[in-house]
> 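What follows is a structure written as structure tokens; I'll ask about it next.
Naming: A, B, ... by sequence-line order, numbering from 1 per chain. Keep in mind the model is a prediction, meaning the values are calculated, not measured.
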2 protein chains.
Amino acid sequence: MMDSEARKRLENAGWTAGDAADFLELSPEEARFVELKLALAAGVRRFREKRGWTQAALAQQLGSSQSRVAKMEAADGSVTLDLMMRSLLAMGIMPSEIAKLIRKVESHKAA
Amino acid sequence: MMDSEARKRLENAGWTAGDAADFLELSPEEARFVELKLALAAGVRRFREKRGWTQAALAQQLGSSQSRVAKMEAADGSVTLDLMMRSLLAMGIMPSEIAKLIRKVESHKAA
DNA sequence: GCGCTCTATGTCCAATATGACATACAGCAA
DNA sequence: TTGCTGTATGTCATATTGGACATAGAGCGC
């Protein structure tokens, strides 16, 4: 019931360090969700830099702010998947590319 | 392939911010974002039914409620991608399967 | 050193999503 | 018909996310 919610909130407070695989207390679904966010966050940064855009430029494209973009790329707990997806789409990334980012998530799991 | 169906559901979901939903007035990014949600919503329903779960059962797994699951499957505008992703993961769907759902969301007819 | 640009982090509060609840509807069986 | 099960839809109080802003840090050329 509240178990996953509470734990998610808890983890959100300090999950910016390192690989998602070391969250030993997370259930597989929770771990995958976190890894998903990390993968998309990394994707946003990668594509943005590839384009030579600043965070402020992407923010403007999104109608958001530089600080939000920074948090997003840091996979801050206060940033939703929605914003990440919108960012990728705002950079013209195709769903097939997004799918690639997601497909990579399941690979590394044991810890 | 499912353009008209997607559009119908989109209209049913009351998707645009202002007037009656019209798919064709959305920018390409906005349209892709909506289609992404539609695809994931359909995926949630498909996998749930495949498993023989009721909406209430999935809701319990999620720590959510039947009404929210119903809205989610209807791609209601009040439901985030986060909840959809969590739902898929809660059903044990692998990221590679989710990637498949997303990969299918390629471009629709340009305005 | 300074100044400039880009990024990180933290705090506001308005906007939005949330679960819970009520209730209506659809289908089916007795 | 009634009763039961599952789904749809609307509302609401509370929780969470949003953009905006301030500010600090990092890197770089001068």
> Could you state the CG-C1' distance from B:Leu83 to D:dA15, rounded to the nearest angstrom?
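So the two atoms are 14 Å apart, to the nearest Å.
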
> What is the distance, rounded to the nearest whole Å, between atom CZ of A:Arg68 and atom P of D:dA22?
17 Å

> What's the separation between atom CD in A:Gln61 and atom CH2 in A:Trp53, rounded to the nearest 0.5 Å?
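Between atom CD of A:Gln61 and atom CH2 of A:Trp53 there are 4.5 Å.
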
> Closer than 4.0 angstrom, basic N to acidic O: yes or no for B:Arg48 and B:Glu73?
yes

> B:Met85 has an atom CE; how far is it from atom P of C:dA17, in whole Å?
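From B:Met85 CE to C:dA17 P: 17 Å.
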
> In this structure, how many angstroms lie between the C1' atom of D:dG6 and the CZ atom of B:Arg45, rounded?
11 Å

> When you compare the side chain of B:Leu62 with that of B:Ser87, does any pair of heavy atoms fall below 4.5 Å?
yes

> Can you find a side chain N or O atom of A:Ser64 that sits less than 4.0 Å from OP1 or OP2 on D:dA20?
no

> Tell me if the side-chain of A:Gln55 makes a donor-acceptor pair with the base of C:dA8, cut-off 3.5 Å, by modelled atom types.
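Result: no qualifying N/O pair found.
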
> Could you check how far CZ of A:Arg51 sits from P of C:dC6, rounded to whole Å?
18 Å

> Answer yes or no: side-chain N or O of A:Ser67 and base N or O of D:dC21 forming a donor-acceptor pair under 3.5 Å.
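Side chain to base: pair found, below 3.5 Å.
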
> Quick check on the hydrophobic clustering: are B:Leu58 and B:Phe47 connected, directly or via other members, by side-chain heavy-atom contacts under 4.5 Å?
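Linked within one cluster.
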
> Could you tell me the separation between the CG atom of A:Leu81 and the P atom of C:dA17, rounded to a whole number of Å?
14 Å

> Do B:Glu35 and B:Arg32 make a side-chain contact, defined as non-hydrogen atoms from C-beta onward lying under 4.5 Å apart?
no

> Grab the CG-P distance between B:Asp76 and D:dG10 for me, whole Å please.
9 Å

> What is the distance from CZ of A:Arg46 to C1' of C:dT7, rounded to the nearest Å?
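It works out to 20 Å between those atoms.
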
> Counting heavy atoms from C-beta on, name the nucleotide in C:dT18, D:dA8, C:dG19 closest to the side chain of B:Gln66.
D:dA8

> At 4.0 Å (heavy atoms only), tell me whether A:Ser65 reaches a base, stays on the sugar-phosphate, or touches nothing.
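Base, at least one base heavy atom under 4.0 Å.
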
> For the base of D:dG19, is there a side-chain donor-acceptor partner from A:Lys71 under 3.5 Å away?
no

> With a cut-off of less than 4.0 Å, is there a side-chain N or O of A:Arg48 near OP1 or OP2 of C:dT7?
yes

